[in-house]
Amino acid sequence: MNRLYELLKDHSNLNPEALEQHYLALDKEDDERELGRRLILAGLIKLSGIMEIALQYDLFPKADSVLRRLAEARRRHKVIKPKAHSTRYRISEDDVPVDQIELIDIGVNLPIPTPNLKSFRDTSTDEKQVTDMAYELARMNQVQEAEMFMIDAQEEFPKSMRIFVLLAWHYCRCQHFKDAIQCCQAGLKLNPTVFPLVEYMAIAEQALGKHLLAINHFQKLACLPRVKPIWHMQLALSLERARLSMDAKQNYQTFLALNTDPELQQFAQQRSSILAG
């Protein structure tokens, strides 16, 4: 049973035929989030409309208190204007999320890793449901409402590393790198072993040109038992910018030995050859 479909059919002004068409196109008929995503992308309903249905008919009863706080946050949210006022929300409607960071001074685009929320142990059903919903908002590029939801959820679950990681990823995607760093620092203060936060902090530092700080954090990642090949590439980039050529060359070569991405492979090979020459 798909409760969202039933509620929209009975309590909304959506075209019944269009609603049924998107419902029948679902891989899993009970996938309410996918149905909502399809309807929003098709322009049949706004996210706020689904939120109103959720609140009115307890579609997500476990997250009801957070949904209500989100609705209140949406009413009081203001776009940041320098020297005009302050707000706990940082993202504006002009921010466009990206999945890669363009390091213009280096000449390469690097991916922003999607957080693996399943790697975190469940602390409560409520926390998991809230973070899943926040992730869906971000994935649908509802950037302002995603941030509001995450920050309100963080007040509800102040020690949730899931939410810290999700918010850091969201800030990196919206290129709010200073906010990403502050988020990572706050999370790592509570739990220094959450290495996804170390990764997002290193990515943000590198994007801001803070290469010595980025080197420190990428080196920590490179010492873990399980290492992503891209960390050696990122470490090499910052080492090269810090004029530590031999170390940079070594990490480019390590990356080349582990990597399977042909585009990055070519770039790393060029940089390694230049440093060797």
Side-chain angles (χ1 to χ4, degrees), residues 66 70 73 80 87-92 95-103 109-123 127-211 213-222 224 226-228 230-231 233-235 237-238:
V66 180
L70 172 63
I80 298 172
T87 172
R88 62 184 183 150
Y89 305 117
R90 302 300 181 209
I91 294 174
S92 78
D95 289 315
V96 178
V98 297
D99 293 316
Q100 290 188 325
I101 295 176
E102 183 180 5
L103 301 177
N109 294 341
L110 295 177
I112 300 170
T114 301
N116 179 16
L117 299 180
K118 293 181 180 179
S119 66
F120 293 92
R121 186 177 61 186
D122 292 342
T123 56
E127 180 204 348
K128 184 179 185 303
Q129 190 168 27
V130 166
T131 51
D132 286 347
M133 291 172 66
Y135 174 71
E136 291 299 327
L137 286 172
R139 198 177 69 164
M140 290 188 293
N141 293 337
Q142 303 288 331
V143 293
Q144 284 184 287
E145 289 178 305
E147 182 200 22
M148 293 178 197
F149 199 93
M150 292 175 198
I151 290 177
D152 279 10
Q154 199 167 49
E155 291 188 359
E156 198 83 6
F157 307 100
K159 295 183 179 180
S160 169
M161 291 299 109
R162 261 197 182 100
I163 297 174
F164 274 107
V165 168
L166 198 59
L167 189 56
W169 166 71
H170 190 53
Y171 280 142
C172 283
R173 286 189 77 221
C174 293
Q175 301 183 70
H176 281 243
F177 298 118
K178 291 182 179 179
D179 294 317
I181 291 171
Q182 290 177 1
C183 175
C184 292
Q185 289 172 334
L188 289 169
K189 188 174 182 179
L190 292 173
N191 188 342
T193 65
V194 181
F195 291 104
L197 290 177
V198 178
E199 181 176 19
Y200 287 123
M201 182 152 62
I203 289 170
E205 289 166 343
Q206 188 171 70
L208 292 173
K210 298 182 177 182
H211 292 291
L213 292 174
I215 287 169
N216 179 48
H217 291 119
F218 282 127
Q219 284 177 331
K220 287 183 180 179
L221 295 171
L224 293 176
R226 297 182 64 181
V227 176
K228 296 180 183 179
I230 191 69
W231 291 341
M233 169 79 155
Q234 291 164 312
L235 176 55
L237 290 170
S238 284

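Below, all heavy atoms of this structure are taken into account, side chains as well, without hydrogens, waters or symmetry copies.
Pairing each heavy atom of Met150 with each of Ala138, the nearest pair is CE-CB, 4.0 Å. Contact record, Gln100 with Pro111: CG-CA, 4.0 Å, taken as the closest heavy-atom pair. In this structure, Pro158 and Phe164 approach most closely via the heavy-atom pair O-CE1, 3.5 Å. The two residues Asp95 and Cys174 make their nearest non-hydrogen contact at OD1-O, 4.2 Å. Annotation for Pro113 and Trp169: closest pair O-CD1, 3.2 Å, computed over non-hydrogen atoms.
Atom CD of Gln154 sits about 13.0 Å away from atom CZ of Phe149, to the nearest 0.5 Å. Within the model, atoms CG of Asn216 and NE2 of His211 stand 14.5 Å from one another, a figure rounded to the nearest 0.5 Å. To the nearest 0.5 angstrom, Arg226 atom CZ is 14.0 Å from Leu221 atom CG.
Among residues two or more places apart in sequence or in another chain, the ring-ring contact (aromatic ring centres under 6.0 Å, His included) test is passed with Phe177 by none. Not counting sequence neighbours, Asn109 has no partner by the side chain to side chain donor-acceptor pair (under 3.5 Å) test. Asp179 is linked by a salt bridge (charged side-chain N to carboxylate O under 4.0 Å, His left out) to Arg90, counting only residues two or more places apart in sequence or in another chain. The side chain to side chain donor-acceptor pair (under 3.5 Å) test applied to Gln175 returns no partner, not counting sequence neighbours. Qualifying side chain to side chain donor-acceptor pair (under 3.5 Å) partners for Trp231, counting only residues two or more places apart in sequence or in other chains: Glu199. For Asp99, the side chain to side chain donor-acceptor pair (under 3.5 Å) test picks out Arg173, with sequence neighbours left out.
Residues Tyr171 and Gln182 bring no donor and acceptor atom of their side chains to less than 3.5 Å of each other. Side-chain contact of Tyr89 with Asp152: a donor-acceptor pair under 3.5 Å is present, judged by distance alone.
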Would you be so kind as to tabulate the donor-acceptor pairs closer than 3.5 Å made by side chains of residues 202-210, with sequence neighbours excluded?
from: Glu205; atom 1: OE1; to: Ala214; atom 2: N; distance (Å): 3.4
from: Glu205; atom 1: OE1; to: His217; atom 2: ND1; distance (Å): 2.8
from: Glu205; atom 1: OE2; to: His217; atom 2: ND1; distance (Å): 3.4
from: Gln206; atom 1: NE2; to: Gln234; atom 2: O; distance (Å): 2.7
from: Gln206; atom 1: NE2; to: Ser238; atom 2: OG; distance (Å): 2.9

For residues 183-197, please give each side-chain donor-acceptor pair under 3.5 Å, one per line with the distance, not counting sequence neighbours.
from: Asn191; atom 1: OD1; to: Thr193; atom 2: N; distance (Å): 3.0
from: Asn191; atom 1: OD1; to: Thr193; atom 2: OG1; distance (Å): 2.6

For the pair Leu167 and Val165, evaluate side chain to side chain contact (heavy atoms under 4.5 Å, CB included) and give the outcome as yes or no after the intermediate values.
CA-CA 5 Å; Leu167 189 56; Val165 168; over 6 Å; no

Apply the test side chain to side chain contact (heavy atoms under 4.5 Å, CB included) to residues Ile112 and Tyr200: give CA-CA distance (whole Å), side-chain angles for both, the deciding distance (0.1 Å), then the verdict.
CA-CA 8 Å; Ile112 300 170; Tyr200 287 123; 4.3 Å; yes

Given the rule in the side chain to side chain contact (heavy atoms under 4.5 Å, CB included) test, do Leu110 and Ile230 qualify, once you have shown the distances and angles that lead to the verdict?
CA-CA 9 Å; Leu110 295 177; Ile230 191 69; 4.1 Å; yes

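A 4.5 Å side-chain heavy-atom check between Leu103 and Ile101 finds at least one atom pair inside the cut-off. In this structure, Tyr135 and Asp132 have side chains that are not in contact, with every pair of non-hydrogen atoms separated by 4.5 Å or more.
Of the listed residues (His170, Gln142, His176), just one forms a side chain to side chain contact (heavy atoms under 4.5 Å, CB included) with Glu147, and that residue is His170.
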